[in-house]
Q: 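Below you will find the structure I want to go over with you.
What's counted below: heavy atoms across the whole structure, side chains too, no hydrogens, waters or symmetry copies. Below, chains carry the letters A, B, ... as their sequence lines are ordered, and counting in each starts from 1.
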There are 2 protein chains.
Amino acid sequence: MTDQLKRQVTLDEVAERAGVSRSAASRVINNAPHVSKAKRDAVQRAVNDLGYVPNATARALATQQVGAVVLAISSDNPQVFTDPFFADVAVGVNSVLEETELELILQLATSTRGQTRLEQVLRTRQADGVMLMSMHGDDPLAQIAEDSDVPVVFGGTPANFEPRYYVDADNRGGARLATEHLVATGRTRIATITGRMDEGAGTARYRGYQDALAVAGLDASRVVYGDFSEEGGGRAMEQLLAEHPDLDAVFVGSDQMAIGAMRVLKDAGRTIPGDVAVVGFNDVVLARHTEPPLSTVSQPIQSLGREMARMLLALIAGESPTPLILPTRLVRRASS
Amino acid sequence: MTDQLKRQVTLDEVAERAGVSRSAASRVINNAPHVSKAKRDAVQRAVNDLGYVPNATARALATQQVGAVVLAISSDNPQVFTDPFFADVAVGVNSVLEETELELILQLATSTRGQTRLEQVLRTRQADGVMLMSMHGDDPLAQIAEDSDVPVVFGGTPANFEPRYYVDADNRGGARLATEHLVATGRTRIATITGRMDEGAGTARYRGYQDALAVAGLDASRVVYGDFSEEGGGRAMEQLLAEHPDLDAVFVGSDQMAIGAMRVLKDAGRTIPGDVAVVGFNDVVLARHTEPPLSTVSQPIQSLGREMARMLLALIAGESPTPLILPTRLVRRASS
DNA sequence: ATGAAAGCGCTAACAC
DNA sequence: GTGTTAGCGCTTTCAT
């Protein structure tokens with residue numbers, strides 16, 4: 001029957017009830033040494049009787065540690081978080097944070113206000129650590145984060161620079177896998193629709209495509225730059241069809257774009273995979289349900305979240321973890 | 001050129017720099033009255049020069065307000081948050097919180113530890129308010145939340161009781177809409193697959209189905225209880241087919257289940273919507289891409305998040321908002 | 001209008 | 001092992 005839900009129970013009350021000094025009580029709570037077993041038990045009992053829970057704020061003020069880390073998504077578009085990708089990351093992050101005493105603050109830094117806030121967190125240590133996702137190449141926050149003395153780990157890598165601490169999926173390797181598969185199945189006129197080239201994932205996947213074709217000695221010039229969106233994928237496919245009507249395969253930088261591209265291909269009367277093989281990237285749920293089901297590259301998103309959290313914890317503990325690149329794998333379905 | 005990223009700048013430093021007392025500086029920061037224009041400006045200047053940002057923790061301790069609210073998902077399954085539904089809610093919540101000084105803490109209360117933590121938040125006011133989502137009927141947290149003196153707003157309603165403050169989608173009305181539509185298009189042997197009956201959404205949608213059939217004077221006994229999952233939907237459909245082979249329509253309590261059900265129907269050789277019309281609920285992205293595209297009931301999820309946040313803000317401000325039920329609408333596609 | 005002083009609840013030196 | 005003491009950085013009476 002712990003207690004009424006009324007006022008906060010303080011350490012002093014616990015100490016008094018247990019008949020010990022406040023410092024003794026404090027020591028017990030943080031199980032520090034130098035307390036006799038007798039007192040220890042007395043305090044424990046008092047804690048139970050009173051239903052004492054330390055005041056996190058007061059503790060934070062005294063220890064100069066906030067007790068919370070931030071998961072930040074920086075983007076100009078408030079809707080990005082709608083991408084199932086982030087929910088998965090969040091689940092992963094949460095799963096390791098749950099083992100600690102740290103709270104998870106979600107910062108959708110989408111408006112100017114949001115960005116400013118994140119910047120302040122970074123500058124004035126309003127959190128014990130920050131996980132930063134999905135940076136566009138020229139996002140000023142990236143540099144601010146990198147320079148901050150708050151521990152920061154990046155999720156994914158911005159296009160223009162390599163942060164000190166990050167965890168990323170092996171985008172390049174995955175793209176290469178996908179393209180090699182296209183080569184292996186006899187395709188010779190392989191095009192690509194890239195993602196945004198100011199995002200690391202966009203450029204890395206494009207490189208993977210180039211890698212594979214270079215090794216195979218095939219022409220890698222059938223490329224159109226996309227923007228990761230379904231409509232963008234459709235437009236890109238139209239352009240590709242116009243410029244390279246002879247193509248017999250296309251590696252697309254994201255499933256969303258691939259879906260748009262497949263629609264355009266079908267409208268143009270090309271069969272999939274008969275006339276044109278298609279491979280996407282990300283393995284979103286939808287990929288299983290397209291017509292035909294979409295071959296794609298799958299990345300361990302929850303692991304990414306977990307590893308980000310672990311790396312941040314290590315950083316906070318004063319260690320110097322090395323960046324991590326998580327493996328991707330090809331999921332072959334009917335579209336290729 | 002605000003400042004180095006070094007140590008925290010304190011109010012005292014600002015005060016000294018501005019040549020005023022700390023209390024004066026504090027008043028300016030919180031733009032309280034009783035400060036001369038001259039001092040006011042001096043302080044402002046000092047703030048800019050020094051790049052002062054108040055220490056949130058210290059402020060929280062002094063004001064007894066945390067400066068953060070919690071968005072909590074209570075569930076036994078860590079993966080629920082993976083449901084795009086919650087990401088949308090989060091985006092909605094964030095959009096209104098962004099206008100305030102409040103942080104958003106994400107609590108995936110999925111393990112025992114998580115639940116305990118949420119319970120402590122509720123009991124010992126570790127947050128200024130809590131938004132609680134997706135409660136199963138017998139979740140003890142629901143009652144704890146309702147009894148807590150921390151402001152709490154529920155997202156959706158548990159099956160067994162009606163919280164004081166909540167915002168929900170009009171599940172019953174939407175289900176009725178869907179079923180009426182089935183009736184209007186000439187179906188007469190209309191079955192249903194329900195969601196979990198220990199969740200408010202499950203029971204409410206079932207009631208809506210009953211409502212519509214009662215008005216139409218049709219038999220409402222073709223019912224199987226599902227669990228909101230795709231496989232569950234498939235199993236339920238099999239059972240339905242076995243028990244009521246004559247059915248010519250089915251209202252399914254969620255799109256996920258509907259997808260499973262459609263698969264089973266097709267496997268059983270029934271055409272959709274020729275032999276059997278199908279309507280789902282939620283309007284997930286996938287619904288647009290099934291074969292045939294799935295008719296469904298759409299709910300304004302981001303609005304739900306927004307309204308939850310608004311209601312919580314009102315509660316924190318000491319007002320007594322009334323519960324909100326958000327309208328749903330039928331999205332007719334090819335499956336019905 | 002203004003400043004002094006007393007906390008908010010906790011931790012961490014420090015002396016015993 | 002134990003208790004005393006001084007903060008952490010801010011807000012807020014309360015005199016002036």
Side-chain angles (χ1 to χ4, degrees), chain A residues 3 6-44 46-47 50-68 101 120-121 123-128, chain B residues 3 6-44 46-47 50-68 101 120-121 123-128:
Chain A
D3 201 23
K6 302 284 10 150
R7 225 178 31 71
Q8 149 109 41
V9 178
T10 70
L11 223 203
D12 300 76
E13 288 165 22
V14 172
E16 170 160 55
R17 166 83 157 228
V20 306
S21 70
R22 183 163 77 254
S23 19
S26 174
R27 288 189 183 107
V28 174
I29 304 283
N30 303 299
N31 44 53
H34 303 304
V35 202
S36 67
K37 174 113 177 58
K39 287 203 194 306
R40 223 176 191 98
D41 293 346
V43 172
Q44 291 292 14
V47 166
L50 268 32
Y52 171 74
V53 176
N55 179 318
T57 305
R59 175 178 292 187
L61 185 58
T63 59
Q64 299 290 68
Q65 301 198 325
V66 182
E101 294 288 83
Q120 290 191 353
V121 168
R123 285 199 193 286
T124 65
R125 213 172 234 300
Q126 306 278 29
D128 295 326
Chain B
D3 202 25
K6 304 281 14 145
R7 225 178 31 73
Q8 151 110 41
V9 177
T10 69
L11 224 202
D12 299 74
E13 288 164 22
V14 172
E16 170 160 55
R17 167 83 158 228
V20 305
S21 70
R22 183 164 77 253
S23 15
S26 173
R27 288 188 183 107
V28 174
I29 304 282
N30 303 298
N31 45 52
H34 305 304
V35 203
S36 67
K37 175 112 177 59
K39 286 203 194 309
R40 218 170 199 104
D41 294 346
V43 172
Q44 290 294 14
V47 166
L50 268 32
Y52 170 73
V53 176
N55 179 318
T57 306
R59 177 177 289 186
L61 184 58
T63 59
Q64 298 290 69
Q65 302 199 321
V66 182
E101 296 288 85
Q120 290 190 355
V121 169
R123 285 199 192 286
T124 66
R125 212 173 236 302
Q126 306 278 32
D128 295 326

Q: So which nucleotide from C:dA1, D:dG3, C:dG3 ends up closest to the side chain of B:Arg27?
A: C:dG3
Q: On DNA chain D, check which nucleotide each of A:Leu61 and A:Gly19 is closest to and give me the residue with the more 5' one.
A: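 Closest to the 5' end, via its nearest nucleotide, is A:Gly19.
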Q: Measure from CG on B:Asp12 to C1' on C:dA5 and round the result to the nearest Å.
A: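 Whole-Å distance recorded here is 13 Å.
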Q: Report the distance from atom CZ of B:Arg40 to atom P of C:dT2, rounded to the nearest whole Å.
A: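 To the nearest whole Å, that distance equals 10 Å.
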Q: NA contact type, A:Ser36, heavy-atom cut-off 4.0 Å: base, sugar-phosphate, or nothing?
A: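 Sugar-phosphate contact only - A:Ser36 comes under 4.0 Å of backbone atoms but never of a base.
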Q: Output the rounded distance in Å from CD1 (B:Ile29) to C1' (D:dT12).
A: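 Checked: the CD1 to C1' distance equals 16 Å.
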Q: What about B:Ser23: does its side chain form a donor-acceptor pair under 3.5 Å with the base of C:dA4?
A: yes
Q: Tell me which nucleotide among C:dG7, D:dG3, C:dT11 gets nearest to the side chain of A:Ser21.
A: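 Output: D:dG3.
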Q: Heavy-atom count check: over 12 atoms from other residues, nucleotides or ligands less than 6.0 Å from A:Glu16 CD?
A: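 Count not over threshold, so no.
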Q: Rounded to the Å, how far apart are A:His34 NE2 and D:dT2 P?
A: 11 Å
Q: For B:Val66, is there any backbone N or O sitting under 3.5 Å from a side-chain donor or acceptor partner on B:Asp128?
A: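 Present.
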Q: Is a donor-acceptor contact shorter than 3.5 angstrom present between the side chain of B:Arg22 and the base of D:dT11?
A: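 Result: at least one qualifying N/O pair found.
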Q: As a quick check of understanding, evaluate side-chain contact (heavy atoms from CB on, under 4.5 Å) for B:Glu13 and B:Thr10, giving each step before the final call.
A: CA-CA 5 Å; B:Glu13 288 164 22; B:Thr10 69; 3.5 Å; yes
Q: Return the value, rounded to whole Å, for the distance between atom CD of A:Glu13 and atom P of C:dG9.
A: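 The answer, rounded to whole Å, is 9 Å.
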Q: Nearest heavy atom decides the nucleotide; on that basis, is B:Thr63 or B:Lys39 closer to the 5' end of DNA chain C?
A: B:Lys39
Q: Would you kindly give the CD-to-P distance between B:Gln8 and D:dG7, to the nearest whole Å?
A: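 These atoms are roughly 18 Å apart.
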Q: Any side-chain to backbone donor/acceptor pair from A:Thr63 onto A:Arg59? Under 3.5 Å, distance only.
A: yes
Q: How long is the gap from NE2 on B:His34 to OG on B:Ser23, to the nearest 0.5 Å?
A: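 Result: 12.5 Å between the selected atoms.
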Q: Remember a base hit wins even if backbone is also touched, and classify B:Ser26 as base, sugar-phosphate or nothing at under 4.0 Å, heavy atoms.
A: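 B:Ser26: base contact, heavy atoms under 4.0 Å.
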Q: Does a side-chain N or O of B:Asn55 approach OP1 or OP2 of D:dC8 to a distance below 4.0 Å, or not?
A: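 For D:dC8, neither OP1 nor OP2 has a side-chain N or O of B:Asn55 closer than 4.0 Å.
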Q: Can you tell me how far P of D:dT12 sits from CZ of B:Arg59, to the nearest Å?
A: 9 Å
Q: Side-chain N or O of B:Gln64 versus OP1/OP2 of C:dG9: is the shortest distance under 4.0 Å?
A: yes
Q: Starting from P on C:dT2, measure out to CG on B:Leu11 and report it in whole angstrom.
A: 16 Å
Q: Describe the nucleic acid contact of B:Pro54 in one word from base, sugar-phosphate, nothing, applying a heavy-atom distance below 4.0 Å.
A: sugar-phosphate
